[in-house]
Asker: 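Have a look at this one before I ask anything.
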Amino acid sequence: MTSADNSAAADRPTSLSTPVSAGIVAALVGFTSSFAVVLTGLRAVGASPAEAASGLSALCLTQAVGMMWLARRYRQPITLAWSTPGAALLAGTGVVVGGWPAAVGAFVTVGLMIVLTGLWPRLGALVSRIPVPLAQAMLAGVLLPLCSAPVVALAGSPEHVAPVVLVWLVVLRFSTRWAVPAAFAAAAVIIAADVIGSATSIAASDLVPRIDWTIPHWTWQATVGIAVPLYIVTMASQNIPGTSVMASFGYRIPWRASMTVTGSGTVLGAFAGGHTINLAAISAALSASPSAHPDPKRRWVAAFSAGCSFSVLALLATALATLVAASPAGVVETVAGLALLGTLAASLFGALQHASDREATVLTFLVAASGLTFVGIGSAFWALIVGLAVRAILRRQSPALPVSDATG
């Protein structure tokens, strides 16, 4: 072997290890920073602890398979994720008529709508006509009670919650990316200490990976109250921004294939309790940026590596869900609330940056945050209806504004 061959051999592991490690980091950050939100949302709409754990496993598996297939097929760092804003929406919606099976039916409906979006561009165009400030205001209103949870928990159980918040704050000073995972690590230590100190027994069978299948049931309340808002939030807060993030790095997402894969994955995962998978936005930047690999044609390895990592994390989902169920009051809610602070800030900024829509967006925010349920339908749907109605009325009554003023 020549010296040139030795040099090439020495460089080869480095060129591979960079995208592989970037994919592993993307998976770990994505999982640890928001899995508590997913469990909270699934439990809120009626899932048992075992069904919520199954849903978490299903989300990991479906996005892992979809990610690996898309990345290898199109040689792009196409990263998938579960819908964290969607899980937050579920947490604010609560149990609907028909209980957990009806929620699963709504998840199936969302998956079919996502597939249809890829096959029928006019549906995507219709979604894009929903004013972004209203969609952001609806999401912000849903997030507000969840983001307030750390404050309430700190007052009720300071000995358990304060260390989590303190760790989050210290790490946030140096790394935004790792602040929530660090908070989760602190929470895990507190949970373990509490389980040992209280002599709580956890059966070994509760730590073994398992899938609980649910036969879906469809009710109009679940379709209107869960499926429609979940679809809108997923498209507006995940799929469309995810496409924009990838475009900023020079990649053109294969839209029809991505929607078909994520929609089909959502349908299949729904039977096991998963709510929605979609294009990633934040973790997409971790895999698609130059830090993953200097050569854009090699960054697809990062997304493939993230998919492999999520397939491994799926095996840990049941054990993590079991430990979460045994946690002291307020600890998990604190981690979930801290994880959503950034999303809340971005939603509030997006909702209020256009002065011409502020009355409508504020009312949308207030209705969504109220948590009201009317005729079996949650506040997210009614917030959007109120916001659209108020916006239409005020725009008819107001004199026409120059384009530059109307758009802010």
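Each residue takes its place number in the sequence, starting with 1.
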Asker: So do N239 and M259 actually touch side chain to side chain, heavy atoms under 4.5 Å?
Answerer: yes
Asker: Checking S83 side chain against T276 main chain: does a donor-acceptor pair fall under 3.5 Å?
Answerer: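 Side chain of S83 to backbone of T276, a donor-acceptor pair under 3.5 Å: no, none is there.
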Asker: Taking all non-hydrogen atoms of both residues into account, name the closest pair between G330 and T334 and its distance.
Answerer: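 That would be O-OG1, 2.6 Å.
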Asker: Find out whether L144 and S148 are in side-chain contact, i.e. whether some heavy atom of one side chain is under 4.5 Å from a heavy atom of the other.
Answerer: yes
Asker: Using a 4.5 Å cut-off on heavy atoms from C-beta on, say whether the side chain of F107 contacts that of I226.
Answerer: yes
Asker: Classify the side-chain pair T117/Y231 by whether it contains a donor and acceptor separated by less than 3.5 Å.
Answerer: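 Their side chains do contain a donor-acceptor pair, which is all the 3.5 Å distance test asks for.
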Asker: Got F35 and C60 here, is their nearest side-chain heavy-atom distance under 4.5 Å?
Answerer: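 No, their side chains stay 4.5 Å or more apart.
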Asker: Rounded to the nearest 0.5 Å, what separation is found between the CZ atom of R391 and the CG atom of L363?
Answerer: 13.5 Å
Asker: If you measure only the distance, is there a donor-acceptor pair under 3.5 Å linking the side chains of T223 and W218?
Answerer: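 There is no such pair between these side chains.
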Asker: Please report the closest heavy-atom contact between A53 and L39, naming both atoms and the distance.
Answerer: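 Minimum heavy-atom separation between A53 and L39: N-CD2, 4.3 Å.
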Asker: Does atom CZ of R72 have more than 12 heavy-atom neighbours from other groups under 6.0 Å away?
Answerer: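 No - once you tally the heavy atoms of other residues, nucleotides and ligands closer than 6.0 Å, there are 12 at most.
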Asker: Between S379 and A368, is there a donor-acceptor pair closer than 3.5 Å when you use the side chain of the first and the backbone of the second?
Answerer: yes
Asker: Check step by step if side chain to side chain contact (heavy atoms under 4.5 Å, CB included) holds for V180 and V29.
Answerer: CA-CA 8 Å; V180 175; V29 171; over 6 Å; no
Asker: How far apart are the closest heavy atoms of V171 and A182, and which atoms are they?
Answerer: CG2-CB, 3.6 Å
Asker: Taking T40 for the side chain and A36 for the main chain, is one N or O donor matched with an acceptor at less than 3.5 Å?
Answerer: yes
Asker: Does R256 reach the side chain of L119, with side-chain heavy atoms less than 4.5 Å apart?
Answerer: yes
Asker: Under the ring-ring contact (aromatic ring centres under 6.0 Å, His included) test, which residues partner F365, sequence neighbours left out?
Answerer: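 Applying ring-ring contact (aromatic ring centres under 6.0 Å, His included) to F365 gives none.
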Asker: For the residue pair T214 and P101, what are the closest heavy atoms and their distance?
Answerer: CG2-CA, 4.1 Å
Asker: Quick one: does any side-chain atom of T62 pair with a main-chain N or O of L59 as donor and acceptor, under 3.5 Å?
Answerer: yes
Asker: Main chain of L230, side chain of T234: is a donor-acceptor contact present, judged purely on distance under 3.5 Å?
Answerer: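 Yes, T234 side chain to L230 backbone: donor-acceptor pair under 3.5 Å.
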Asker: State whether the side chain of S305 and the backbone N or O of V20 hold a donor-acceptor pair below 3.5 Å, judged by distance alone.
Answerer: yes
Asker: To the nearest 0.5 Å, how far apart are OG1 in T266 and CD1 in I114?
Answerer: 4.5 Å
Asker: Please assess I190 against V164 for the test side chain to side chain contact (heavy atoms under 4.5 Å, CB included), listing each intermediate value before the final yes or no.
Answerer: CA-CA 9 Å; I190 292 171; V164 176; 3.6 Å; yes
Asker: Between R177 and V25, is a side chain to side chain contact (heavy atoms under 4.5 Å, CB included) present by the stated rule, with each step listed?
Answerer: CA-CA 10 Å; R177 179 186 304 173; V25 168; 4.2 Å; yes
Asker: Would you say S244's side chain and I240's backbone share a donor-acceptor pair under 3.5 angstrom?
Answerer: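 Looks like yes, one N/O pair under 3.5 Å.
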Asker: Within the supplied structure, the quantity of interest is the number of heavy atoms (other residues, nucleotides, ligands) at a distance under 6.0 Å from R75 CZ; does it exceed 12?
Answerer: yes
Asker: Which pair of heavy atoms, one from A285 and one from V245, lies closest together, and at what distance?
Answerer: N-CG1, 4.0 Å
Asker: Students often mix this up, so state it plainly: with edges at 30° and 60°, are the rings of F304 and W300 parallel, tilted or perpendicular?
Answerer: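 Correct class here is perpendicular.
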Asker: Would you indicate whether the side-chain heavy atoms of I78 and R73 approach each other to under 4.5 Å?
Answerer: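 When only atoms from C-beta onward are counted, I78 and R73 do not touch, as no gap falls below 4.5 Å.
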Asker: Going from CD1 on I277 to OG on S264, what distance comes out if it is rounded to the nearest 0.5 angstrom?
Answerer: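 Here the interatomic distance stands at 8.5 Å.
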Asker: Give, for atom CG of L56 and atom CG of L61, the distance between the pair rounded to the nearest 0.5 Å.
Answerer: 10.0 Å
Asker: Within the distance-only criterion (no hydrogens, no angle test), does the side chain of H354 pair as donor or acceptor with the backbone N or O of S356 below 3.5 angstrom?
Answerer: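 Not confirmed, H354 side chain does not pair with S356 backbone.
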Asker: Using modelled atom types and a 3.5 Å cut-off, is there a donor and acceptor pairing between side-chain atoms of S34 and backbone atoms of V37?
Answerer: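 Answer holds: no.
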Asker: What I'd like to find out is whether the side chain of L279 reaches to under 4.5 Å of the side chain of Q238, using heavy atoms alone.
Answerer: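 The answer is no, as the side chains (C-beta and beyond) never meet within the 4.5 Å cut-off.
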Asker: Tell me the closest heavy-atom pair linking A58 and A272, and the distance in Å.
Answerer: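 Smallest heavy-atom distance, with atoms named: CB-CB, 3.6 Å.
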Asker: If you round to the nearest 0.5 Å, how far is CZ of R43 from CH2 of W100?
Answerer: 10.5 Å
Asker: The test is ring pair (Phe, Tyr, Trp, His ring centres under 6.0 Å); show your working for F184 and W178 and say whether it passes.
Answerer: CA-CA 10 Å; F184 164 68; W178 291 103; over 10 Å; no
Asker: To the nearest 0.5 Å, what is the distance between CG on L134 and OG1 on T364?
Answerer: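 The distance works out to 4.5 Å.
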Asker: Going by heavy atoms in the side chains, are W213 and I211 under 4.5 Å from each other?
Answerer: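 Yes. Closest side-chain heavy atoms under 4.5 Å.
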Asker: Test V97 against W220 for side chain to side chain contact (heavy atoms under 4.5 Å, CB included), laying out the working first.
Answerer: CA-CA 9 Å; V97 175; W220 69 268; over 6 Å; no
Asker: Would you check if the side chain of R299 reaches a backbone N or O of S287 as a donor-acceptor pair within less than 3.5 Å?
Answerer: no
